[in-house]
Amino acid sequence: MSASLVKGGHPYRKIVHLIIGIAIGFLISRIPGPGGITPLGMALIGAFLVANYWFIAIDMITGSLGAMILFVLLAGSDPAGIISGTLGNTTVWQVLIVLPLIYGLRVTGVTDALANWMMTRKILYGRSTMFVIFFLLFSSLLCALKVNVLVVLALAEGVMSAAGYEEQRKEHDAFLVATFFAGALAYNIIPYGSWIASFVTAFENIAGIPLDGAVYMLFGVLLNVVLDILYAFVMIVLLRCDFSRLAALDQSAMKTSDAKFTKQGKFMFVLFLVMIVGAVLPTLFSSFPVSLFINKTLTMGLWFTLCLVVALIVPIDGKPVLSPVDCFKNGVQWPLILSAGVMLYFSGIIGGDDAGIKAALSGAFSGAFNGIPGIALLLVACLLTVIITGFFSNMATGVIFMSATIPLAAMFNLSPLVLGVCIMWASMPGFITPGGTGLSPYLHGLTTITKKNMYKYMLAFLALFLVVILIFGVVMNLIF
C-alpha cells in the first residue's frame with residue numbers, strides 16, 4: 001500500500017484508515033484470550049482499540065459509528081442492544097440536554113459580561129500575587145462554563161503584554177502554561193456537560209456502586225481551587241517568577257469588552273445556577289421535598305430537561321430566551337455525544353463478567369503489586385494514567401486502569417470510590433503530546449512560548465497535580 005495514500009491531504013485517507021482498523025479488529029478478535037479473557041472480551045478489545053485509532057486517524061463521529069458496526073461483526077452481538085446501549089443511555093441524554101444550556105450562556109452574552117466584570121474589579125490591582133491567583137481561578141470559572149481555552153489564553157497574553165512581559169521569557173511562558181492548566185482541567189468540572197458524565201457511569205459499571213455526579217463536581221471544584229492557588233505558589237516561590245509588574249497594571253487596559261449583562265443573559269445565568277443547585281441539593285439534603293421531587297419523580301435527566309424547556313419557552317422582549325433550532329444545531333457537540341455513548345457501552349461490558357477482561361486485569365495488577373501499601377497502588381495507578389493519557393484517549397485510559405485496580409481496592413485498604421475518582425482526575429491532563437486530548441493542541445500550538453519552557457512548566461505542574469491528587473486520595477480514603 002502506497003504511503004502517500006495515508007497522508008493527511010489524500011482524498012482516500014479515511015477509507016485507508018477504515019480498512020486498516022477493520023483488519024486490526026479482526027486480527028485481535030481471533031487471538032486466544034490470555035488470563036481468562038473470553039472471545040467476547042477479545043472482540044471488545046479489538047473494537048475498543050480500533051475505535052481509539054479511528055478517533056485519531058479519521059474523526060470522533062466516524063470512529064464512533066464505525067466502532068459500533070465493527071463490534072457487532074466481531075462479537076456477533078445484538079445490533080439493537082448496542083444502539084440502545086449507546087444512544088439510549090441516561091448519561092448521554094443528560095449531556096445532550098446540558099450542552100444547549102451551556103451554549104445559551106455564550107449566545108446571551110453571559111460569559112463576555114462575566115469576563116468584563118471580573119477583570120475590572122479593584123481588588124485585583126496593587127496585589128500581584130492576588131492577581132495571579134484570581135486570574136487562574138477566573139480562567140477556571142470561564143472554562144467550566146465551556147468558554148474555549150483559547151479565550152483565556154488570549155486574556156493571559158493580554159495581561160502579560162499590558163504588564164510589559166516579553167514573549168518566550170520565564171514569567172510570560174509560565175503564566176500561559178498555568179492558565180492553560182487552570183482552564184483545561186476546569187473544562188470538565190461540570191460533569192453533565194462533558195465526557196466526565198460518561199466516566200461516572202463507567203465507574204458505576206466497573207465498581208458496581210453508585211457515584212453521584214454532584215459529588216464528583218463538589219470534589220472537582222475543591223481540587224481545581226487548590227490547584228490554581230498552588231500553581232501561583234509554584235511559579236512565584238519555586239520557579240522564582242517575578243510578577244511584581246502586575247501590581248501596577250492599568251485597570252482600564254484590562255477591560256475585555258463593553259459587554260454588560262442583558263436581560264436574557266441574567267435569566268440564563270440564574271437558570272443555570274438553579275440547574276446546578278438542583279443537581280447538588282439531592283446529594284447534600286436528600287430528605288428535602290425538592291430533593292425528593294428531583295431525585296424520585298423527575299430524575300436528574302428530566303430535571304435538566306425541565307430547565308432547558310424553561311429557557312426555550314419563557315419570552316423576554318417578545319421572544320424565547322433560546323432558539324431550539326439554534327441551540328441544538330450549534331450547541332450540541334456530536335463527537336462528544338457519540339464517542340461517550342460508545343465508550344459507555346464498551347465500559348459496561350469491560351465491567352461485567354462475560355468478557356473476562358476485568359478479572360484478567362485485576363489478576364495482573366494483583367500479582368505485580370502484591371504486598372505493597374495502598375498508597376503505593378494509588379500512586380502507581382495515577383502516575384501511569386497521567387503518562388498514558390498523554391498518548392491515548394482520556395476515557396479509554398481511565399476505563400482500563402479503573403477496570404484493573406478497582407476490584408483490588410479492598411485488598412489494599414482503599415475505597416473503590418476514592419480510587420476511581422483519583423483515576424478519573426489523573427486521566428484529564430493528557431497534555432504531553434498534541435494528540436493526548438482535544439485541548440492539548442491549544443498548548444502545543446502556542447508560538448509565543450518556547451518548547452523548552454512549555455515542557456519544563458508542564459512537567460512541574462503535572463508533578464504538582466499528582467501530589468495534590470495523592471493527598472486528596474488519602475484524605476478522601478479516611479472520609480469514605
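As the structure is a computational prediction, the values presented were derived from the model and not from experiment.
Here the closest non-hydrogen pair linking Ile294 and Gly278 is CD1-O, 3.5 Å. Ile209 approaches Pro416 most closely through the heavy-atom pair CD1-CB, 4.0 Å. Summarising the geometry of Met42 relative to Pro34, their closest heavy-atom pair is SD-CD, 4.1 Å, with the distance given to 0.1 Å. Between Pro335 and Met60, the shortest heavy-atom distance links the atoms CB-CB, 3.5 Å. Contact between Leu414 and Leu377 at its shortest, heavy atoms only, is CD1-CD2, 4.2 Å. In plain terms, the two heavy atoms of Ala75 and Leu40 that are nearest each other are CB-CD1, 3.9 Å.
Separation of the Tyr231 and Phe461 ring centroids falls under the 6.0 Å cut-off.
Between Phe131 and Phe135, the ring-plane angle classifies as parallel under the 30° and 60° cut-offs. Phe48 and Phe346 have tilted rings, their planes meeting at an angle from 30° to 60° on a 0 to 90° scale. Ring geometry for Phe180 versus Phe431: interplanar angle over 60°, hence perpendicular rather than tilted (30 to 60°).
Two residues are said to be in side-chain contact when any heavy atoms from C-beta on lie closer than 4.5 Å; Met235 and Leu136 meet this criterion. Using a 4.5 Å heavy-atom cutoff, the side chains of Asn52 and Met343 are in contact. Looking only at side-chain heavy atoms (C-beta outward), Phe412 and Thr405 stay at 4.5 Å or farther from each other. Considering only heavy atoms from C-beta on, Phe465 comes within 4.5 Å of Ile469 through its side chain. Put simply, the side chain of Asp354 does not reach to within 4.5 Å of the side chain of Thr38, judged on heavy atoms. Proximity of Met68 to Thr86: side-chain heavy atoms (C-beta onward) are separated by under 4.5 Å at one or more points. Between Leu292 and Thr297, every side-chain heavy-atom pair lies at or beyond the 4.5 Å cut-off. Using a 4.5 Å heavy-atom cutoff, the side chains of Trp425 and Phe219 are in contact.
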Could you give me the CA-CA distance, side-chain angles and deciding distance for Phe181 and Leu462, then say whether side-chain contact (heavy atoms from CB on, under 4.5 Å) is met?
-> CA-CA 9 Å; Phe181 265 72; Leu462 281 176; 4.0 Å; yes
Take Ser64 and Phe55, measure what side-chain contact (heavy atoms from CB on, under 4.5 Å) needs, and give me the verdict at the end.
-> CA-CA 8 Å; Ser64 301; Phe55 289 165; 3.5 Å; yes
Passes side-chain contact (heavy atoms from CB on, under 4.5 Å), Leu223 versus Val468? Steps please.
-> CA-CA 8 Å; Leu223 175 70; Val468 173; 3.5 Å; yes
Stepwise side-chain contact (heavy atoms from CB on, under 4.5 Å) test for Leu44 and Tyr345 | CA-CA 10 Å; Leu44 179 64; Tyr345 180 78; over 6 Å; no
For Asp228 and Ser140, run side-chain hydrogen bond (donor to acceptor under 3.5 Å, both in side chains): C-alpha distance rounded to whole Å, both residues' side-chain angles, the deciding distance at 0.1 Å, then the answer.
-> CA-CA 8 Å; Asp228 288 347; Ser140 293; 2.6 Å; yes
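The OG1 atom of Thr108 sits 7.0 Å away from atom CG of Leu322, with the distance rounded to the nearest 0.5 Å. Going from atom CG of Leu419 over to atom CZ of Phe203 covers 8.5 Å, rounded to the nearest 0.5 Å. To the nearest 0.5 Å, the span separating CG on Asp59 from CH2 on Trp334 amounts to 15.0 Å. To the nearest 0.5 Å, atoms CG (Leu96) and CG (Leu308) are separated by 9.0 Å. Taken to the nearest 0.5 Å, the CG atom of Leu312 stands 5.0 Å off from the SG atom of Cys327. In this structure, Leu383 CG and Ile388 CD1 are separated by 9.5 Å, a value rounded to the nearest 0.5 Å.
Listed for the Ser84 side chain is a donor-acceptor partner under 3.5 Å among the backbone atoms of Gly81. Judged purely by atom type and a 3.5 angstrom limit, Trp303 uses its side chain to pair as donor or acceptor with the backbone of Met275. Judged by distance alone, the side chain of Ser291 and the main-chain N or O of Ser287 form no donor-acceptor pair under 3.5 Å. For Thr385 (side chain) and Ser427 (main-chain N/O), no donor-acceptor pair under 3.5 Å exists by modelled atom type. The closest donor-acceptor contact from the side chain of Ser139 to the backbone of Ala182 lies at 3.5 Å or more, if one exists at all. In this structure a side-chain-to-backbone donor-acceptor pair under 3.5 Å is missing from Lys170 to Asn453.
No side-chain donor from either of Asn477 and Ser415 sits under 3.5 Å from a side-chain acceptor of the other. At a cut-off of 3.5 Å, with distance as the only test, a side-chain donor of Trp93 or Thr305 sits close to an acceptor on the other residue.
Around NZ of Lys451, the count of heavy atoms belonging to other residues, nucleotides or ligands within 6.0 Å exceeds 12.
A side chain to side chain contact (heavy atoms under 4.5 Å, CB included) with Tyr457 holds for exactly one of Ile449, Val234, Leu239; it is Leu239.
Under the rule for a side-chain hydrogen bond (donor to acceptor under 3.5 Å, both in side chains), Gln264 has no partner lying at least two apart in sequence or in another chain.
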